[in-house]
Novice: 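Right, I'll just put the structure down here and ask away after.
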Amino acid sequence: MNPAPGTYTDPGTDPGQSVPEHGEALRILHLEDSELDHELVTMHIDTDLPWPVEITRVEDEQGFLDALNTPPHLILSDFALPSYDGLSAYRAAHTRLPKVPFIIVTGAMGEETAVDTLREGVTDYILKQRLERLAPSIRRAIAEVESRIRRERAEREIRQLNGSLQARLEEVERLRNTAERQSQRLEIQAKQLEEALNLQKTFLAETSHELRTPLTALHGYLRRAEREAGGSQTLLDAQRVAENMTRLVNDLLQLSRGELVQSIEMHFMNLGQLLRQVGRDYGVKAPDGAYEIVGDPGRLNQVFINLVTNAIRVTGGPDKVSLEIVPRPGELEVRVVDHGPGVPDAVKPRIFDKFYRGKEAGSAGLGLTIAQQVVTAHGGTIDVVDTPGGGATFRVRLPLPDEEDGLDETDPAETDG
């Protein structure tokens with residue numbers, strides 16, 4: 001079934017998962033047998049939501065099931081009806097439209113029953129004598145749907161590109177291994193080995209062209225979309241992802257040739273401001289204060305985005321990740337702290353190796369290698385230790401400018417040996 005006109009959906013997502021476009025109506029399905037209660041609910045949300053509202057009221061099970069054929073943006077349901085109940089309605093809706101928010105609006109509900117409904121997956125429950133909570137609950141539910149749509153689209157695009165990159169990497173490794181075996185067994189055939197290496201260079205050049213061309217086109221389409229449709233956070237996020245992927249492709253080719261990360265441009269910069277921007281972009285707590293160092297903002301931004309996104313991926317959410325700065329004599333230590341599964345001791349010595357991915361298959365295994373090379377190029381160090389209480393902490397130590405005498409006096413912090 002095609003989604004109704006005027007909804008924001010993403011190709012490849014559940015057709016029942018949508019949010020209203022700007023100016024379009026929020027479609028709400030209301031299961032309620034009392035006309036008076038329905039009018040009270042309508043009165044409380046008509047003026048308190050940022051969208052115009054279209055409410056379809058149904059009174060019984062059959063009417064509810066029929067109404068699900070036109071997926072709503074959100075479902076409201078009484079808990080107890082003469083011939084039906086809200087929990088059964090939730091189960092039926094969840095089977096057909098598992099990503100549509102479902103809020104129970106009821107006159108009375110025991111605490112144990114309320115907990116059971118939330119445990120089953122109900123988005124929220126509102127008591128009819130507390131209807132002022134209904135509009136904020138709806139806003140939160142729709143915001144979560146919009147965030148999930150954007151996240152799933154970004155994850156799908158990254159998975160597709162990772163798949164392409166991984167295939168290229170496997171081919172490069174296959175050629176390299178073949179060349180090495182021939183070198184060991186047939187050392188006298190130096191000419192054949194040289195031809196194999198030339199073939200690898202040709203392959204890398206072709207790979208560069210094939211990957212950079214669609215990325216260049218993507219940049220152009222995004223800029224045109226911004227001009228035609230006006231700036232939006234979605235377009236800005238897409239542009240940032242495209243820029244990061246372009247840099248990743250360039251670094252990938254350099255690392256495949258055994259080269260260090262290049263194009264480091266050092267100048268005075270505010271490290272605290274950079275970390276706060278990363279924190280805002282990914283919903284991670286970041287430290288206050290101004291900490292000036294000499295470095296390349298673009299490359300250091302790449303380092304901390306890499307560490308933060310890795311931490312969010314392994315922990316499952318930004319609420320388990322934080323950024324910290326600890327001033328130390330002659331240097332600043334930035335910590336990316338997570339409370340996830342941690343890094344096993346056997347893995348720590350290899351975690352910065354090129355193409356090493358451990359148990360996680362969501363990346364090409366280059367992010368930490370690039371981060372280590374960027375930090376080394378800045379005269380710093382990077383390592384990983386256990387987080388007290390469980391998890392992993394990546395520590396990036398960067399030297400202070402010669403003019404600085406140890407600690408940043410504007411933001412004192414305890415040193416940690």
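A quick note: this is a predicted structure, and the numbers were derived from the prediction, not measured.
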Novice: Determine, stepwise, if the pair M269 / L300 fulfils side chain to side chain contact (heavy atoms under 4.5 Å, CB included).
Specialist: CA-CA 10 Å; M269 57 167 286; L300 290 177; 3.7 Å; yes
Novice: Tell me the closest heavy-atom pair linking F352 and T369, and the distance in Å.
Specialist: O-OG1, 2.9 Å
Novice: Examine the side chains of D124 and S137 and answer whether a donor and an acceptor come within less than 3.5 Å of each other.
Specialist: yes
Novice: Sort out for me which residue in D37, I45, I55 forms a side-chain contact (heavy atoms from CB on, under 4.5 Å) with H30.
Specialist: I55
Novice: Does any non-hydrogen side-chain atom of L275 lie less than 4.5 Å from one of Y291?
Specialist: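 In short, these two side chains do not touch, never coming nearer than 4.5 Å.
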Novice: Does one side chain, of Q277 or R280, offer a donor that lies under 3.5 Å from an acceptor on the other?
Specialist: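 The criterion, which ignores hydrogens and geometry beyond distance, is satisfied for R280 and Q277.
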Novice: In this structure, are over 12 heavy atoms from other groups packed under 6.0 Å from E132 atom CD?
Specialist: yes
Novice: Specify the closest pair of heavy atoms between I264 and A377, including all atoms of both residues, with the distance to one decimal.
Specialist: CG1-CB, 4.1 Å
Novice: Can you confirm whether M266 sits close enough to H378 that some side-chain heavy atom of one is under 4.5 Å from a side-chain heavy atom of the other?
Specialist: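 Yes - at least one pair of side-chain heavy atoms lies under 4.5 Å apart.
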Novice: Of all the heavy-atom pairs spanning S322 and E324, show the shortest one and how long it is.
Specialist: OG-OE2, 4.0 Å
Novice: Provide the closest heavy-atom pair for Y90 versus E120 in the form atom of the first, atom of the second, distance.
Specialist: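 Nearest pair, atom of Y90 first, then E120: OH-O, 3.2 Å.
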Novice: To the closest 0.5 Å, what do you measure between CD (E61) and CG (L81)?
Specialist: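 It comes to 10.5 Å.
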Novice: Answer yes or no: is there a side-chain heavy-atom contact under 4.5 Å between T113 and Y125?
Specialist: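 No, every pair of side-chain atoms sits at 4.5 Å or beyond.
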Novice: Kindly give the heavy-atom pair with the smallest separation between R276 and A286, and that separation in Å.
Specialist: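 Closest heavy-atom pair between R276 and A286: CA-CB, 3.8 Å.
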Novice: Rounded to the nearest 0.5 Å, how far does CG of L274 lie from CG of N301?
Specialist: 5.0 Å
Novice: Treating H44 as the side-chain partner and A135 as the backbone partner, does any N or O pair qualify as donor plus acceptor under 3.5 Å?
Specialist: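 Between the backbone of A135 and the side chain of H44 there is no qualifying donor-acceptor contact (under 3.5 Å).
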Novice: Using modelled atom types only, decide if a donor and an acceptor are shared between the side chain of R139 and the backbone of P50 within a distance under 3.5 Å.
Specialist: no
Novice: Do the side chains of R140 and T123 get nearer than 4.5 Å, heavy atoms only?
Specialist: no
Novice: How far apart are the C-alpha atoms of T376 and Q373, what are their side-chain angles, what is the distance that settles it, and do they pass the side chain to side chain contact (heavy atoms under 4.5 Å, CB included) test?
Specialist: CA-CA 5 Å; T376 300; Q373 294 192 358; 5.6 Å; no
Novice: Can you list everything that forms a salt bridge (Lys or Arg N to Asp or Glu O under 4.0 Å) with D46? Sequence neighbours excluded, please.
Specialist: none
Novice: Drop me the distance from N162's CG to E157's CD, to the nearest 0.5 angstrom.
Specialist: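 Output value for this atom pair is 12.0 Å.
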Novice: Can you find a heavy atom in the side chain of V145 that is under 4.5 Å from one in the side chain of K99?
Specialist: no
Novice: Considering only heavy atoms from C-beta outward, does the side chain of F304 approach that of L271 to under 4.5 Å?
Specialist: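 Yes. Closest side-chain heavy atoms under 4.5 Å.
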Novice: Flag yes if more than 12 heavy atoms outside Q129 fall under 6.0 Å of its CD atom; otherwise flag no.
Specialist: yes
Novice: Taking 4.0 angstrom as the limit, do E173 and R176 come out as a salt bridge?
Specialist: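 R176 and E173: salt-bridged.
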Novice: Can you check whether L76 reaches L134 side chain to side chain, under 4.5 Å on heavy atoms?
Specialist: yes
Novice: For the CD atom of E54 and the OG1 atom of T56, what is their distance to the nearest 0.5 Å?
Specialist: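 Going from the CD atom of E54 to the OG1 atom of T56 covers 7.5 Å.
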Novice: What do the steps show when you test I28 against H73 for side chain to side chain contact (heavy atoms under 4.5 Å, CB included), and what is the final call?
Specialist: CA-CA 6 Å; I28 296 176; H73 296 119; over 6 Å; no
Novice: Does S147 use its side chain to pair, donor to acceptor, with the backbone of A143 at less than 3.5 Å?
Specialist: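 Checked: no pair found.
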Novice: State, with a plain yes or no, whether a side-chain heavy atom of V41 is found less than 4.5 Å away from one of K128.
Specialist: no
Novice: Measure from the side-chain N and O atoms of K348 to the backbone N and O of V385, and report whether any donor-acceptor pair falls under 3.5 Å.
Specialist: no
Novice: Can you confirm whether the side chains of N306 and Q302 place a donor and an acceptor under 3.5 Å from each other?
Specialist: no
Novice: Are the charged groups of E152 and R156 less than 4.0 angstrom apart, N to O?
Specialist: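 Result for this pair is no, no salt bridge flagged.
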Novice: Could you give the distance from CD1 (I382) to CG (L307), rounded to the nearest 0.5 Å?
Specialist: 5.0 Å
Novice: To check you understand the geometry: which heavy-atom pair defines the closest contact between F64 and A89, and what is its length?
Specialist: CE2-O, 3.5 Å
Novice: As a quick check of understanding, evaluate side chain to side chain contact (heavy atoms under 4.5 Å, CB included) for Y84 and D78, giving each step before the final call.
Specialist: CA-CA 10 Å; Y84 202 32; D78 196 356; over 6 Å; no
Novice: Is R397 paired with E333 through a side-chain N to carboxylate O contact shorter than 4.0 Å?
Specialist: yes
Novice: Do the side chain of T393 and the main chain of V337 share a donor and acceptor less than 3.5 angstrom apart?
Specialist: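 Between the backbone of V337 and the side chain of T393 there is no qualifying donor-acceptor contact (under 3.5 Å).
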Novice: Can you tell me if R313 and N310 form a side-chain donor-acceptor pair at under 3.5 Å?
Specialist: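 The criterion, which ignores hydrogens and geometry beyond distance, is satisfied for N310 and R313.
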